[in-house]
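All chains are named by letter (A, B, ...) in the order of the sequence lines, taking the proteins before the strands, and each is independently numbered beginning at 1. Here the structure is a predicted model, which is why all the values come from computation and not from measurement.
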2 protein chains.
Amino acid sequence: MLQLSKKVEYALIALRHMAMNSHGHVFTAKEIAVKYNISYELLAKVLQKLTKSGVVVSLQGMHGGYTLVKRPDQVQISYIINVIEEEKPTIAECYAEGGEDCSLFDACTIRKPLEKVQHNLNLLFEKTTLEQII
Amino acid sequence: MLQLSKKVEYALIALRHMAMNSHGHVFTAKEIAVKYNISYELLAKVLQKLTKSGVVVSLQGMHGGYTLVKRPDQVQISYIINVIEEEKPTIAECYAEGGEDCSLFDACTIRKPLEKVQHNLNLLFEKTTLEQII
DNA sequence: ATAAATACGACTGATCCGGTCTTATATTAC
DNA sequence: GTAATATAAGACCGGATCAGTCGTATTTAT
Ligand code: SF4
Ligand code: SF4
């Protein structure tokens, strides 16, 4: 309940790892997975998503790997979650994109008031960047 | 991901319903379930938990039901979640009570920094009370 | 006695999620 | 040009969680 998924945690751990060390350095999925005891295949998929979203760039082939290309203070946690989960973090399905198919939608009396909570959650995850977790 | 469970939503809807109407009034699980299109049995279990935690009191037998006994501004959402889920809302298992059995615990580098986010989430759910969603 | 309500635990089906496996492709070293 | 090493991408699986249901006991007003 309310918890970040493992994939998001792995993304944050990997990104933090990259941010901590010299910028421009290339890290392989394997070395990060080993260092932090993360499933290699899973981490690889996470890094692939981060690549597609432009947070890191990848180099294929031998001596390949991933490089962080955004400034840590420009990488919002909300963005990472959005990239990995492929949806924004919401406290109820009706706040997600096109999520008006809750059967209670019309009768629901808490949707409107909870928008404030949702908004505050957005602010929290937006103001928290990679830099904060270094 | 990050979403409140249906049970928590049902609790909030029911509590709001009670708070809106005259204090001291007795509401049955059935009438609330019908009004908001919620599974009766599920709502009943939710109200039972709220009873055990002292947010409402129950009257058994005919003409029984539930009555809100706390002032809306005294009922924190964090408390409701805690009661219904039987655990505090956390963004990672390691922040839950006795939740140090994450296999990454030692190697994890984001646990410490994310405490701040957890703390802010706590504040958000604590400062949000039933009164805010009326 | 009967009806109407809460109390409580067992059960079920669907969905989600962490993790694995397989195959393809790209790049470098030799 | 072949072997080695890396990313890319998608299929697959087993366990856990969760919304919802059911059955049964108990309480209380009429
Ligand atoms: S409409 Fe109400 S019940 Fe449905 S998801 Fe939104 S808040 Fe929850
Ligand atoms: S220790 Fe790290 S990986 Fe484990 S639950 Fe806490 S934050 Fe997540």
Side-chain angles (χ1 to χ4, degrees), chain A residues 1-11 13-14 18 25-34 36-67 81 83-87 90 92-93 96 101-104, chain B residues 1-11 13-14 18 25-34 36-53 55-67 81 84-87 89-90 92-93 96 99 101-104:
Chain A
M1 172 86 326
L2 276 167
Q3 274 173 212
L4 300 172
S5 67
K6 283 292 175 193
K7 283 194 267 188
V8 168
E9 295 196 334
Y10 297 164
I13 289 174
M18 297 189 192
H25 191 293
V26 174
F27 303 89
T28 69
K30 193 167 206 173
E31 70 180 296
I32 298 179
V34 167
Y36 295 103
N37 238 308
I38 299 172
S39 151
Y40 161 68
E41 293 90 341
L42 199 45
L43 177 61
K45 281 202 295 194
V46 164
L47 288 168
Q48 282 159 27
K49 283 193 175 177
L50 293 175
T51 301
K52 284 211 278 188
S53 71
V55 178
V56 301
V57 292
S58 67
L59 294 175
Q60 289 193 333
M62 213 177 189
H63 295 166
Y66 300 90
T67 304
I81 296 175
V83 163
I84 303 293
E85 308 294 1
E86 290 170 8
E87 64 182 18
T90 57
E93 63 171 302
D101 38 345
C102 171
S103 63
L104 305 187
Chain B
M1 172 85 326
L2 276 166
Q3 273 172 215
L4 299 172
S5 68
K6 284 290 175 194
K7 283 194 267 187
V8 168
E9 295 196 333
Y10 296 163
I13 289 173
M18 297 190 191
H25 193 292
V26 174
F27 302 89
T28 69
K30 193 168 204 172
E31 69 179 296
I32 298 179
V34 167
Y36 297 103
N37 238 306
I38 300 173
S39 150
Y40 161 67
E41 293 91 342
L42 198 45
L43 177 62
K45 281 202 295 194
V46 164
L47 288 167
Q48 283 158 27
K49 283 192 175 179
L50 293 175
T51 302
K52 284 212 281 187
S53 72
V55 177
V56 302
V57 292
S58 66
L59 294 175
Q60 290 192 331
M62 214 179 190
H63 296 168
Y66 301 90
T67 305
I81 296 176
I84 304 294
E85 308 292 0
E86 291 171 6
E87 64 182 19
T90 57
E93 62 170 302
D101 39 345
C102 169
S103 63
L104 305 187

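Atom CD in A:Gln3 sits about 14 Å away from atom C1' in C:dC16, given to the nearest Å. To the nearest angstrom, P of C:dT25 lies 15 Å from CD of A:Gln48. With rounding to whole Å, B:Leu2 atom CG is found 15 Å from C:dC16 atom C1'. Here D:dA4 presents its P atom at 14 Å from NZ of A:Lys30, a figure rounded to the nearest Å. Between A:Tyr66 atom OH and D:dA6 atom C1' there is a gap of 8 Å when expressed in whole angstrom units. In this entry the distance linking NZ of A:Lys52 with C1' of D:dG10 reads 11 Å, nearest Å. Nucleotide C:dT6 holds its P atom 13 Å from the CG atom of B:Leu50, rounded to whole Å.
In this structure, CG in B:Leu4 is found 11.5 Å from CD1 in B:Ile84, a value given to the nearest 0.5 Å. Atom CG of A:Leu43 is separated from atom CG of A:Asn37 by 12.0 Å, given to the nearest 0.5 angstrom. With values rounded to the nearest 0.5 angstrom, A:Ile32 atom CD1 is found 6.0 Å from A:Leu47 atom CG.
Between the A:Thr90 side chain and the A:Glu93 main chain, no donor and acceptor come within less than 3.5 Å of each other. In terms of modelled atom types and a separation under 3.5 Å, the side chain of B:Thr28 and the main chain of B:Glu31 share a donor-acceptor contact. Judged by distance alone, the side chain of A:Lys49 and the main-chain N or O of A:Val83 form no donor-acceptor pair under 3.5 Å.
Contacts of A:Ala29 with the nucleic acid, taken as non-hydrogen atoms under 4.0 Å apart, involve only primed sugar atoms and P, OP1 or OP2.
Here the closest non-hydrogen pair linking B:Ala29 and B:Tyr40 is CB-CE1, 3.7 Å.
Inter-residue side-chain proximity for B:Leu104 and A:Ile13 is flagged as met; some heavy-atom pair is nearer than 4.5 Å. Residues A:Val57 and A:Thr51 form no side-chain contact, since every pair of their non-hydrogen atoms from C-beta on lies 4.5 Å or further apart.
A heavy atom closer than 4.0 Å to some atom of DNA chain D occurs in B:Gln60, B:Gly61, B:Met62, these being the qualifying members of residues 55-62 of chain B.
Between A:His63 and C:dA29 there is a side-chain polar atom (N or O) within less than 4.0 angstrom of OP1 or OP2.
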- Task: Using a 4.0 Å cut-off on protein heavy atoms (strictly under), produce a 5'-to-3' string for nucleotides 18-23 of chain D with B for base contact, S for backbone-only sugar-phosphate contact, and - for none.
- Result: -SBBB-
